[in-house]
Amino acid sequence: MDKSPPHTTVWSKIIGLQLYNSYAADADGRMPSLSIVRLLYSITLFGSYLVGFYKTVENMLSPDNDPTNPTIFKFAYMTQICSGVLGTIICYASLWHTDRMKCIFVEGIQCSNMKINDRYYQFRNMQVPAKQSILVPLSIGMLFILSLCEGYAQYNLANYFTIIAIVYPLWMFHVTILEFTTLVKSTECIVTKLNWMLDAFLESLQRQSTPIVSAKGEKKALNKVYPISRRPYVSEHELISGERLTYMFVIHENVAKLGEFINRAYSLQLIAIVTVTFVNTLFGFFIETKLLFWNYQMLDLILRACRYAFECIPACLLIYNMLVVCAATHTELFKSASLLHKLLQYKANYFIDDQALFERSKAIALQLLHRKRFPLFDGSGLFRLDFTFIFSVFSAATSYLIVLLQFDLSKDLEKAVI
């Protein structure tokens with residue numbers, strides 16, 4: 001694993017979401033202390049955002065000079081700005097606690113990787129590929145274009161503070177989701193490495209116990225991982241002894257605890273981001289649907305509603321990418337249970353002289369299968385960060401959208417026709 005800090009830490013410094021200078025320890029081995037400069041910068045940036053929020057609310061509460069402007073758009077922007085400042089306050093309020101827990105998490109992940117390389121020297125050169133999803137650059141590009149469109153629209157209306165009040169929370173939510181996804185991905189890489197080690201050892205035992213002769217014309221499996229000098233199996237049982245297998249269980253449990261640790265660190269921010277994104281997206285599509293049903297020829301209002309509705313779409317793409325990573329990590333974490341069950345089948349070959357290790361392996365496998373029913377990543381127990389979250393959101397959005405569509409906005413929209 002690469003020990004260099006991810007690119008999200010650079011953006012978190014710019015946005016003001018990181019209080020520490022770096023994740024690296026100093027010359028004495030101590031964790032980085034709180035930087036007063038970074039703290040003052042974050043407070044100043046947050047203070048300027050609050051000033052922009054105050055000026056925007058003051059501007060929106062003033063009488064509207066345009067009588068043809070539907071009031072539903074004013075309510076929409078008030079909802080977006082107020083929900084954005086609420087999510088921003090929540091993220092900043094938990095910043096101190098989250099950043100300290102994040103430093104401990106990164107240190108724990110790096111320590112686990114060093115333990116694997118030191119104790120299991122055969123797998124020292126094993127690299128777990130961390131594939132980047134196309135959703136990340138796509139969402140960032142979309143958010144950049146939408147930010148330019150929003151800035152141009154508000155600049156024409158001379159609402160300069162509104163640009164800050166609308167655009168800043170969107171980028172802050174993006175950085176927060178990217179940081180959480182990056183940390184979860186590092187957990188998945190460690191667990192995948194452990195599973196590959198167990199898989200290689202199981203294949204060695206299987207080939208030594210029952211040699212497999214491939215049938216004529218049968219193709220060899222191309223998706224197998226042979227990390228030890230490309231050899232198909234290990235001739236001796238030196239790969240994982242009883243002590244090493246027990247040590248692997250300890251590392252696996254520590255990584256699972258680190259996953260729960262970082263989940264607790266970001267739960268409050270994720271709840272705020274998901275709630276703000278859900279409310280604004282639902283309200284935007286409600287206005288867009290009303291306009292399309294009322295008069296699809298009001299192109300100006302339809303474009304305004306599209307700009308408002310699609311500002312949260314980049315965050316939705318990042319949330320989906322986060323669900324994919326969390327679901328993959330959850331699957332890899334409990335894949336070890338099935339590998340342990342396969343390992344227990346070789347009791348006569350491997351556990352015959354170590355009954356205590358056999359019982360411990362069986363207990364750990366049952367424990368993993370029992371914990372599989374409970375999500376590893378959740379928003380303080382409010383929702384599961386896996387693919388069931390999509391069904392829950394769509395069902396809730398459909399119900400609330402039907403209720404909103406029952407409101408009659410014909411009198412409000414008639415002003416734009418006059």
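Along the sequence shown, residues are numbered consecutively beginning with 1. Note that these values count all heavy atoms, side chains included, but never hydrogens, waters or copies made by symmetry.
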(Q) Counting only heavy atoms not in F161 (residues, nucleotides, ligands), do more than 12 fall under 6.0 Å from its CZ? (A) no
**Q.** Evaluation steps, side chain to side chain contact (heavy atoms under 4.5 Å, CB included), between I140 and L178
**A.** CA-CA 11 Å; I140 294 177; L178 282 175; 4.2 Å; yes
Q) Would you say the side-chain atoms of T187 pair up with the backbone N or O of G259, donor to acceptor, closer than 3.5 Å? A) no
Q. Within a radius of less than 6.0 Å around CH2 of W171, do more than 12 heavy atoms belonging to other residues, nucleotides or ligands occur?
A. yes
(Q) Can a donor-acceptor pair be found, under 3.5 Å and without considering hydrogens, that links the side chain of Y308 to the backbone of Y77? (A) no
Q. What distance separates C91 SG from F46 CZ, expressed to the nearest 0.5 Å?
A. 10.0 Å
Q: Report yes if the side chains of M248 and L194 come closer than 4.5 Å at any heavy-atom pair, otherwise no.
A: yes
Q) Near Y320 OH, under 6.0 Å, is it more than 12 heavy atoms from other residues, nucleotides or ligands? A) no
Q) Between atom CD1 of I164 and atom CD of Q154, what is the distance when rounded to the nearest 0.5 Å? A) 12.0 Å
**Q.** E179 versus Y266, side-chain donor and acceptor atoms under 3.5 Å
**A.** yes
**Q.** Donor-acceptor pair, side chain of S395 and main chain of S392, under 3.5 angstrom
**A.** yes
Q) Got a salt bridge between K185 and E188, using NZ or NE/NH1/NH2 to carboxylate O under 4.0 Å? A) yes
Q.
Measuring only between side-chain heavy atoms, which start at C-beta, is K335 closer than 4.5 Å to S338?
A. yes
Q: Answer yes or no: does atom CD1 of I134 have more than 12 heavy-atom neighbours from other residues, nucleotides or ligands under 6.0 Å?
A: no
Q: Give a yes or no answer on whether the side chain of T388 reaches the backbone of R384 with a donor-acceptor pair at less than 3.5 Å.
A: no
Q: Could you tell me whether the side chain of H174 and the main chain of L143 form a donor-acceptor pair under 3.5 Å?
A: no
(Q) For the backbone of T88 and the side chain of Y168, can you confirm whether one donor and one acceptor N or O come within less than 3.5 Å of each other? (A) no
Q. To the nearest 0.5 Å, what is the distance between CG (D99) and SG (C103)?
A. 5.0 Å
Q) Measuring from L95:CG to I43:CD1, what's the distance to the nearest 0.5 Å? A) 10.0 Å
Q.
Just checking Y400: does its OH atom have more than 12 heavy atoms from other residues, nucleotides or ligands closer to it than 6.0 angstrom?
A. no
Q. Taking the side chain from N117 and the backbone from N113, do they hold a donor-acceptor pair closer than 3.5 Å?
A. yes
Q.
Please check this pair: side chain of N195 against backbone of E332, looking for a donor-acceptor N/O pair closer than 3.5 Å.
A. yes
(Q) To the nearest 0.5 Å, what is the distance between CG on N263 and CG on L258? (A) 12.5 Å
Q. E311 and N280: side-chain donor and acceptor closer than 3.5 Å?
A. no
Q. How far does CE of M322 sit from OG1 of T176, to the nearest 0.5 angstrom?
A. 11.0 Å
Q.
With ring-ring contact (aromatic ring centres under 6.0 Å, His included) as the rule and sequence neighbours excluded, what pairs involving residues 131-159 come up?
A. Y155-Y160
